[in-house]
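One structure is given here, and the rest of the page talks about it.
Both backbone and side-chain heavy atoms feed into the values below; hydrogens, waters and symmetry mates do not. Residue numbers start at 1 and run along the sequence shown.
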Amino acid sequence: MPSKILAARPQVANIPKDFVRGVILLAVTQRCLIVFVMVSLFLNLETHALEDISLLPKGVRALMYRQGVISEIGNKYSSNYQLGSIQYRMSRRIDAKMIQQINEEFVELVKIMNNEFPDYNLGDKVYLGDLILDGDPRIDFKAPILAYGVTNSYTLAVAVPIVDFQAKISARHTGQHNIEQIKAAMPSTYSSYRGDSYNFSARLEDAYRQLQDSANLTAKVSELCRDKNLKCLGEERESSIGDIQLVNRFLLYEDPKWAFMYRAHINLPTGPEDDPNNLLDLPVFHRTFIDHAFVSRYTYKDFKFHNALAYVMQVPDRVNKRVPESENDILPDEDRTENLQRKIGDSLKYEFNSFYQINPDLSLGAGFTKEWKSKDSYRGSYEDRNYSLLSRNTSVESLKFQGTLSYSTVDRFLRKKFPIPLSLSYSYSDLVSGKNVERQLTHELNLAVMF
C-alpha cells in the first residue's frame, strides 16, 4: 500500500495546472466572467431610457449627449435564475471530489485512504485549500446624438456610442486546508500488513506542501494562456467607438388621449470586431440588427402611460471563433480558430411605464422592461466539429426596473421666459432578475439642446 501512495502522491503536486484547466480556464473562456452574455448592453441606444412618444417639430434640430456608467456586471444570473458574484460562482474548494474529476491518479489515492482507514473515510474528506477568482469590471459610456425633425410626424437621429471598458481579473489560492484536522483524527503511524511502520499523515502534509510550492495560479494561468496564444488574466482597458445607430421615429396617430408611434433603430457594424485571442475584450460590437417597436401613450390628467412592444431582429454575420472539440475542451487550440456563420438570437421586449408631470418643467417616470432572447447559432465548414457547443447558455431572460427625473425649459422658452430650449434628465435602471445575464446597475445623465 505505501508504494501505491508514493506513486500517486507526486500527481497531487501537479494539481494546480490541472485545476486551472478545469476551473479557472472554464471561467476565462466565458469572457472572464464579465461579458459572456452581455449582448444586450448596447443593442439599443435607449436601453437605459424609458420609452416615450417624443418627436421634434419639422425643421427643428436637437443635439443630445448621454453619459453613464454600468456596474455590478460581475454579478450574474445563472441558467436557474440564481444571482451569484464572481467569487461565489467560480471560486472552488480544492476537495477530493474536484481533484478526482481532473486528475485520475488522485482517484487511486482517495481509494487507498478510504480502504485502509474505513472508520475515517479520510480520502473523501481531504481538501487542500480554495481557489478564489477576483474581478472588478466597469463600463463607462457616452453617446453624442444628432436629431432632426424631417416632418412633424417623423424624426431622424444618428447616435455614435463611445465605450470605456475596464476589467481586472486575477486568481489566487488560499492556504486553508484540513490537513491538521485529519492528522488529529488518524493514527500518527500506520503499520502495513508486513509490519512496516509509516507516518501516513506526514506524507499527506508533504503532498500539500508541494502543492503550495507550485500553486502560483496566476503564473500557471498566464503560462497556459501563452501556450494557447490567449490573453486570459490581468488588466484590460479598452476605449472604442461602438456601432453607429440610425434612429427613426414615426408618429402614427395622436389625439388628446391617445398616441401611437413606430420606431426603428438600425444598428450598423462600425465598431471593433471580436478578437478570438483576447478573452478580456468586450464582444458586443460589429453587429447588424433592427430594433422595431410599437409604442402607445395614454394621457390622464398629469399622468402619461406607455406600453411598448419591441422585436430585435438580428442579421446573420460572420465571426472568428475557436471551436472546442468537446464540452471538456476548456481552451481550444489556436488551430481551431474558424470564420463562422453566426446568427445571434432575436429578442422580444415588453415595457410599461408612466410619467407624472409635477409642473410644466419637471416630470418623474418609472417602469419595467421584460425581455426574452433566443439562443445563438453557429455554422462552420467542418463536418466533424460540434458548433452547437458555442451556443450553450446564450438564451437570455431579464427583468429591469427603471426610473427617471427630467427637467425641461421648453415650456418657458415658448413663453419667452428662458433663452434656450433644453432638457436635462437623470435615469436609473437595475436588472433585478434574469437568466444567463449579468446584473446591470446603470446611472445615466442626458442633456439635449434644441435649435
Side-chain angles (χ1 to χ4, degrees), residues 44-68 145 147-149 151-155 157 247-263 265 291 293-310 349-371 399-432 441-451:
N44 187 330
L45 77 92
E46 296 187 354
T47 296
H48 315 295
L50 292 171
E51 292 275 12
D52 64 3
I53 296 180
S54 59
L55 295 96
L56 293 173
K58 181 179 179 180
V60 174
R61 298 171 179 82
L63 180 61
M64 292 174 278
Y65 180 77
R66 286 182 171 170
Q67 183 167 352
I145 306 168
Y148 177 69
T151 70
N152 289 331
S153 300
Y154 172 44
T155 295
V247 181
N248 301 270
R249 300 169 73 89
F250 301 89
L251 182 64
L252 302 176
Y253 174 81
E254 185 176 28
D255 64 25
K257 287 290 186 181
W258 288 95
F260 298 92
M261 183 190 74
Y262 165 73
R263 67 151 178 83
H265 293 172
D291 183 356
F294 287 94
V295 186
S296 69
R297 182 189 69 202
Y298 176 74
T299 303
Y300 178 75
K301 295 183 179 180
D302 293 326
F303 289 91
K304 294 180 179 179
F305 301 95
H306 296 88
N307 286 276
L309 184 63
K349 297 185 291 184
Y350 170 73
E351 178 179 326
F352 172 80
N353 67 62
S354 62
F355 285 85
Y356 174 64
Q357 197 70 37
I358 301 173
N359 58 48
D361 299 334
L362 196 63
S363 66
L364 182 66
F368 71 90
T369 302
K370 181 70 176 180
E371 180 173 359
L399 175 64
K400 177 171 61 179
F401 283 96
Q402 301 163 270
T404 185
L405 180 64
S406 302
Y407 172 78
S408 172
T409 67
V410 173
D411 181 74
R412 286 194 289 161
F413 172 79
L414 294 175
R415 291 186 285 114
K416 299 183 179 181
K417 292 186 177 182
F418 199 87
I420 304 173
L422 60 84
S423 66
L424 178 65
S425 65
Y426 162 75
S427 297
Y428 166 89
S429 70
D430 189 0
L431 201 153
V432 296
L441 185 63
T442 305
H443 300 272
E444 179 185 302
L445 288 175
N446 184 12
L447 174 65
V449 179
M450 284 148 278
F451 56 95

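- Within the 4.5 Å cutoff, side-chain heavy atoms of F355 are placed close to those of T404.
- Within 6.0 Å of NZ in K257 there are more than 12 heavy atoms belonging to other residues, nucleotides or ligands.
- Of the N and O atoms on the side chains of D52 and H306, not one donor lies less than 3.5 Å from an acceptor on the other residue.
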Requested in this report: Apply side chain to side chain contact (heavy atoms under 4.5 Å, CB included) to the pair Y407 and T409, showing each step before the final yes or no.
Outcome: CA-CA 7 Å; Y407 172 78; T409 67; 3.7 Å; yes
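- Here the side chain of D361 pairs no donor or acceptor atom with the backbone of D411 at under 3.5 angstrom.
- Within the 4.5 Å cutoff, the side chain of R263 has heavy atoms near those of the D291 side chain.
- Taking the side chain as every heavy atom from C-beta outward, L441 and Y428 approach each other to under 4.5 Å.
- Residues passing the salt bridge (charged side-chain N to carboxylate O under 4.0 Å, His left out) test with K370, sequence neighbours excluded: E397.
- A 4.5 Å side-chain heavy-atom check between Y426 and H443 finds at least one atom pair inside the cut-off.
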Tabulate below the donor-acceptor pairs under 3.5 Å that side-chain atoms of residues 294-304 make, not counting sequence neighbours, or state none.
{"unit_1": "R297", "atom_1": "NH1", "unit_2": "I53", "atom_2": "O", "d": "3.4"}
{"unit_1": "R297", "atom_1": "NH2", "unit_2": "E254", "atom_2": "OE2", "d": "2.9"}

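- Ring to ring, F418 and F413 are not that close: their centroids are 6.0 angstrom or more apart.
- Residues T442 and K400 form no side-chain contact, since every pair of their non-hydrogen atoms from C-beta on lies 4.5 Å or further apart.
- T369 and E351 share a donor-acceptor pair across their side chains, judged by distance under 3.5 Å alone.
- Two residues are said to be in side-chain contact when any heavy atoms from C-beta on lie closer than 4.5 Å; Y154 and N248 meet this criterion.
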